[in-house]
Undergrad: 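Below is one structure. I have some questions about it.
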Amino acid sequence: MTAANGKHRFAMYWAASCGGCDIAVLNLHEAILDFAERFDIVFWPAVMDAKYRDVEAMPDGSIDLTLVSGSIRNAENAEIVRLLRRKSAILVAFGSCATEGCIPGLANLGTTAGLLDVVFDGPGTDNPDHLRPASRVAVPEGELHLPAMEPLVRTLDQVVEVDYRMPGCPPESERIAEVVGLLTAALDGKAGLPPRGSVVGAGHSTVCDECQRDRSAKRISEFRRIQQLPALDPGLCLLEQGLPCNGSATRDGCGAKCPLAGAPCIGCYGPADGVVEFGARLLSAFASVVDASEPEEIDRILDGLPDPVGQFYRFSLAGSLLRGARAARTATATRESAP
Amino acid sequence: MSIAPSTSPFEPVVLAFTCNWCSYRAADLAGTARIKYPPSVRLIRLMCSGRLDPAFVLRAFASGADAVVMTGCWPADCHYRIQNVKALRRFELLHRVLVDLGIEPERFQRVYASAAEGQQLAAAFTRIVDEVRSLGPLAWGRQPGIAAESEAPADEPSTPALEGVPG
Amino acid sequence: MSGYLYYPGCSLAGSARAYAESLTAVLDTLGVRLREIDDWNCCGATEYLTLSPLAGYALIGRNLALAESQRNGSDTLVAPCSACYVNLAKTDRYMRESPVMREQLNGALAADGMHYTPGAVAVRHLLEVLVEDIGLEELERHVTRPLTGLRVAPYLGCLVSRPDYDRRWARREQPLELDRLVAALGAEVVDFPLRTACCGGHMTQISPDTGFELIRRLVEAADRGGADLLVTVCPMCQMNLDAYQGEMNHHFGTDYRLPILFFTQLIGLAFNLDASTLGIGSEVVSARDALARIGVEVPTVEGEPAPPRRAKRSQELPMPAPLAEGDR
Amino acid sequence: MTGDRAFSDDIRAATVGESRLDACIQCGTCGGSCPSARDMDHTPRALFAMARAGLRDEVLRSNTSWMCVSCYFCAVRCPQEIHIPDVMYAIKSIATREGIVPERTARDFSRTFVDNIHRYGRSFEVGLVARHYLRHYPFRLPGMAPMGISLVTKGRMGFVPHRIRGLAGLRTILARASQLEAGDARREVTV
Amino acid sequence: MTRAGRGAAAPAEPRVGVYVCHCGTNIAGMVDVEAVRDWAAERLGPHGVVVARDYPFMCSSLGQELIEQDVREQGLNRVVVAACSPHMHEKTFRGACERAGLNPYLCELVSIREQASWVHTDRDAATAKSKAIVAGGVLRVREHAPLEPLRVPINEATLVVGGGIAGITAALEIADAGFPVHLVERQPSIGGHMAQFDKTFPTLDCAACILTPRMVTAGTHPNITLHTWSEVTEVSGYVGNFTVKVLHRPRYVDTDLCTGCGICEEKCPARVVDPVFEAGIGYRKAVYRPFPQAVPKFPVLDPESCIFFQRGTCKACEKLCPTHAIRLDQQPEEVTLQVGNIVLATGFESFDARRVEPYGYGRLANVFTSLEFERMSNASGPTGGRIVLRDGVTQPQTVGIVHCVGSRDRNFNAYCSAICCMQSMKFAHLVREHTDATVYEFYIDIRAAGKGFDEFYQRVQDEGTIFVRGRVAEVTDVLHLPEEAKHDGQLIIQVEDTLVGRQRRIPVDMVILSVGLEPQPDAEEVARRFGITCSSEGWVIERHPKLDPVATMTEGVFAAGCALGPRDIPTSVATGSAAAARIIGRIQQREMALEPIRATVDTERCSGCRICNDLCPYSAIEFDEARAVAEVNPALCQGCGVCVAACPAGAISGTGFSDAQILGQIEGILMSTNGTGGSPATEPERAVPA
């Protein structure tokens, strides 16, 4: 539904997110002006004041385009994304947090309690009574309410249905421009919408496709960190130089900025189409080209990857099979077998 | 011996990936020779242990397997010459990842069995089932988050504890 | 190295004192330290296992437990007596293999606050230690009086190379280690096919006829080979062949006078140690005449004629080569 | 008939380690190898066949196991790797437990030997031989005299037995073991 | 289901038929097949199962018609049969589907016999597991796609390894069918062990008389190329198209010039024991032909024993050869062969009797092995057929023949060597034929289960041979006095006569040890080279012990003769012919169909990361530099799936074993089976500890 002024209604919300995605949108520079031309910004906590009740007041489906960044960490996140889902025609999971869980998702490696201990009793925290945030706290003035933390960090699509996914930490501004352009065109009826559920603002292959470095058949006899390299070969594939570069399994679209700059890809654009488990693809690829046949030798080489989970699951843990909410559900599902 | 129906309250589910040329035939041989092993072991046939995609193992655990076994030809006896070596490399790295994800090392094992070693394969299955039985179910409970979610439907925000909060 | 733990066994404290004395003298010369287990008890030979196996093993277990507690650095337990050796080795092996054994024996040992960890000590026979650890080269280095001209029958008897619980012996029925050792001392080894035949054990006690026949067989075979004397590695064998030789002669109306020495006595002589420190003279069948040969300048050819070797006829069919260590 | 099983199970239970008795193919390697076979009323092979046939009494009353010298020829030659000497010990211990004494001389020799251990913790050769001969071969004693004398004069026969310090402890260990064995035997037999 | 779970879902909505086989009582005896059927119908309905049936014998024609009928009438587009191992009947049921017009690869056979009823003892558990196995099959077959078998051309040439009677037979059969054969033999002549024998049991016809003609035919056959004194060093490729490297060891003889006159051998001054053909009781020269009827007729020169090679002077052969055929500078040469199929007829090795210490072989002169005796009794052997003691003159008055030497003995080989009983009785007959000696046979059991075998046993008994039932304990020359004094110089066989129940010591002049058969010492290595598997003993493993006894697990590699295990001459010949028949059939087909299990690259998604490039042992993965993508050559790909699992972009997929198929099977096989006794275990146990 389009506003009287002919503009489309736009919303953007940050759940558990660093705000980088919002900045990436603002990074459209001049283009943001055209954007303002085409859209009425009805809700965007990062850039303008807004009240949830205003959103609640809107008719369902009245927001044409909503971008949600951030993963679902607490009750508020969950509540608001459900609200926005109701109010929005098109809901885009925007950026790595929303699509895969990203850094906040790493919290799923531990327990909520453990997490709180680190924050509220960790070094440099003076908390003699070992207080913890609680969703309801009685104070003289009355009862205070705080959004409760959820037991697991979840990706947006684990909570509400998502129309499109746009990967990246954050998504590249050029891609944002493309996507906004594309969707605007569609909203204007000048173009068709991309198939629902598809990934937008990214390619269909992997970063290697965009990376210009020279590659040959791979055999890795040692994993090293960049500072351990005598000298970085400017032209040669980073993985072949022993740097654990995630480019081979990471969806393209970023323009391979990191590897081309000599920094190994960390995988923020997530897996390519149809991949079951991002981490599995990475570890399988790395292991396959380890240049050793004897267990001892293999171990020696693998010791070069001190934190495999960090290497392979940095962005995708919350969406992963073993540490994702989906896994938890599947695991419990298989138990519903009482005679 | 855990071949006889076990009195233990918990009977694990063990998923074993087999190689079409060695361990799968060893399993056939165990059958033909009526060698017994626990029914909690279930087999999936691959052409080679080198086909074992780590995602299969993760999926198995996520779908309720209490342990996963990679079986294949003895080193240097691979039907595809050297492909079981690649399987070994992946096994080692995946094993590290699983341990870091909080899964006991015994829950992911590898067993070599030539086509002639039905007896040995059955023995290995029996041993592994015993080990896993004593470990208990794959403890999603060790991650209270997941446990909690499994109790509360995902869309109901649940409340963390209030210990140490005065008043 | 902190030397070897040493379990002498009852005989060496008694009838086989010569064995104890000679092995001590020899090992001193070789600079090998032995530490006798404090307050060890009898291993029960085969008799205890006969009446009550578990108690029998517990009896042996106590010695292993003592050994473990007195280990302090050395993890090899040497037994010079074949019966003791096999009992200790067997108990350790069975405890390693069977959880039940482990549990029951340690249960019994616990009654006196003792415990043995299977495998804590490696049980080995003195002969095997001398041949494997110290080595024939080292022995030869110390030979100052080669036993030239002395014709020796090397006799292991049972229990050393057989049953061989720890698979230390390439051959269990015709091992040549003792032959090589005797040869290393400069003596002439007579072909003695009965090297691991039975000496009769306690048959002299419970079935003399059989016991005597078994003794006769050995003495006769050594005599046929033209041996001046026979060396043993076991007190029981020495006792049977030496002490009962007279009775045996009496029984068969034969008149053998085959001296039976411990192999350590022979080594001692080759090391030019004083016969008295080697307990020589304590044997019932005197070795005096036999030993007279040593050191006397007699070229071996003038020694007793070797049994006539059949002249090779051209038609003779070749013999298969002896089995090499490498053969499967 | 179930009687068969019962007895061989009994033997299996009484055997320390694995007996493998069931694996016997009746080839006779044991009987052929045995140095004291001629003293046995049945060859080991025959004894095993009888055991498997459930002839409990004949087996326990046979002197075969008592004539075993533990030379281990049968053990290393047996094509089925049956632990024959251990089976012999087992049969003897069952007989002892049930008070059956087919071979007094051998049994007594073992007893005397064991008594000494209980007395001193070590074997006492003079005592052993003397007692044993007095009981079974008095006529041989004179013939033995020269040997005995020579042994003594050559210092090979001490008249004072050595008593170990930990004798009390040793006795408690042996007592405990015997209990365990009895208990064990009962449990196994009633399997 | 996860994002990718349904990767490549099948076009039409799956309509699956499930067929549970009773296999008589083989399955039904331990698995409640009706329960499995009903469960499949109910619980797997949502997964596309439209019909579920059980039947006593699915593999029967009626069972198959059941499937065909449903495919036609119920419009099934997927079939799951729960029965035996796919290695047993996969083809059968695929055939049924094909007859009904369904692509055969849309059928999945899951094993609830080898994997459930036969290996479990708890009916409930076995039933529950069977349900899970069926569920796995259903969720897998949903993801199947129609496939066409791969067709590979078959090279007409065949490699036969081993020139014994089995190899010779195979070679002749194939050659007579008009196809080329390369026959590789390690020794200087073909003929194998049979050439060493004198007579063959039970018919007693002379080995040479029946073998020589076949050797000659093989040597002169236009379609057979002999590679004697040679070994296969390398094998690559796959069925229909193997490349084989064969090393020709130097004979030091120019076979084009040599006439086989034998002057070199006659004049050669170096005479050494021949441990191979003469089994160590005869001699040969340094340049020699192992035996008069050797094929080919050319001698070989053995540098180890040649005076020239050892000391640098002599060259008698070179000087005296009338055709100047001696080539002392000859070098080894390697030839490369292209063949479509391979027959392994590598035979056996005799057990080394020295390993059985108590029998005194090698220590006691007059203890002989069966092979020594074969040579001795052979008219062309070292003694010209005279049965004599080691001294070469004395005829034995008594002979003891010992059975099961190294066989039926867990200290050596636990298996029965199959031929020793008959061989031993043949010896008894030959001894009686050549001498008037008394002969004893010492046996555990007489195994005479063959045509005319037991009759031969009777005959040998009638000839007066004394049979003593007892495994010989030891052979010794140590006597028990006084009763044995008279046997000085003889051997004593100590044994328990188990039928008497007494230990006996039987004096004999000669002992013959009937040694067992062992795999060739390098069997493991050879198996590896040809990509096949051996049993723990080292015998080649058949594709199926009953139904496919001459094929191996590797397509195009067959085995014959004693390489498969101990057997007698007729069986060796039979397996040789059988292997030949299998191969001839294939060659005549010109091409053969292979499982279409191959990897393919989706070049759209390939980013050219080159992770996979080095993973294929068959170099089936090629990298297209221009388009910067990897491609798989289906002709070379063997379908192992390593690259599929390795591809980081998920751009490589494997037919027959796709991610979707396997993930589907995992989901299914782990599906709850409503806890009918089996796992996954039920709620209470699974409840998470608080």
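These numbers come from a predicted model, not from an experiment.
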Undergrad: Would you check if A:Leu317 and B:Leu101 make a side-chain contact, meaning some heavy-atom pair closer than 4.5 Å?
TA: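 When only atoms from C-beta onward are counted, B:Leu101 and A:Leu317 do touch, with a gap below 4.5 Å.
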
Undergrad: What closest approach, in Å, do A:Pro308 and B:Val97 show between heavy atoms, and which atom pair accounts for it?
TA: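 Looking at all heavy atoms of both residues, the closest pair is CB-CG2, 3.7 Å.
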
Undergrad: Does any backbone or side-chain atom of B:Leu98 lie under 4.5 Å from a heavy atom of chain A? Answer side chain, backbone, both or neither.
TA: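 The answer is the side chain of B:Leu98.
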
Undergrad: Is it the backbone or the side chain of A:Ala107 that comes under 4.5 Å from a heavy atom of chain B, or both, or neither?
TA: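 Answer is neither: A:Ala107 stays 4.5 Å or more from chain B.
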
Undergrad: Only heavy atoms, only distances under 4.5 angstrom. Which residues in residues 87-95 of chain B are near chain A?
TA: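 Residues B:Leu88, B:Arg89, B:Arg90, B:Glu92, B:Leu93, B:Leu94 are the ones that qualify, each having a heavy atom under 4.5 Å from chain A.
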
Undergrad: About how many Å separate OG of A:Ser288 and CD of B:Gln83, when rounded to the nearest 0.5 Å?
TA: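 Atom-to-atom, B:Gln83:CD and A:Ser288:OG are 10.0 Å apart.
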
Undergrad: Please look at A:Ile298 and chain B and tell me whether the side chain, the backbone, both or neither of the residue comes under 4.5 angstrom of a heavy atom of that chain.
TA: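 Side chain only.
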
Undergrad: Report which part of B:Asp53 has an atom under 4.5 Å of a heavy atom belonging to chain A: side chain, backbone, both, or neither.
TA: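 It is the side chain, since no backbone atom gets that close.
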
Undergrad: Can you say whether A:Asp303 sits under 4.5 Å from chain B via the side chain, the backbone, both, or neither, judging by heavy atoms?
TA: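 Contact with chain B involves both backbone and side-chain atoms of A:Asp303.
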
Undergrad: Hey, is CZ on B:Arg34 packed in by over 12 heavy atoms from elsewhere, all under 6.0 Å?
TA: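 Yes, enclosed.
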
Undergrad: My understanding is that only residues two or more places apart in sequence, or in another chain, count here; which of them pass salt bridge (Lys or Arg N to Asp or Glu O under 4.0 Å) with A:Asp299?
TA: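 Applying salt bridge (Lys or Arg N to Asp or Glu O under 4.0 Å) to A:Asp299 gives B:Arg96.
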
Undergrad: Flag yes if more than 12 heavy atoms outside A:Glu161 fall under 6.0 Å of its CD atom; otherwise flag no.
TA: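 Not more than 12 within 6.0 Å, no.
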
Undergrad: Kindly check if the number of other-residue, nucleotide or ligand heavy atoms within 6.0 Å of CD (A:Glu76) is above 12?
TA: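 More than 12 within 6.0 Å, yes.
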
Undergrad: Flag the one option from A:Ser284, A:Ala280, A:Pro295 with the top tally of heavy-atom pairs under 4.5 Å to chain B.
TA: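 Most pairs with chain B among the choices: A:Ser284.
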
Undergrad: Is there side-chain contact between B:Phe61 and A:Leu321, with heavy atoms separated by less than 4.5 Å?
TA: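 No. Closest side-chain heavy atoms not under 4.5 Å.
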
Undergrad: Which region of B:Leu52, side chain (C-beta onward) or backbone (N, CA, C, O), has a non-hydrogen atom less than 4.5 Å from a non-hydrogen atom of chain A, or is it both or neither?
TA: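 For B:Leu52, there is no contact with chain A at all, as no heavy atom is under 4.5 Å.
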
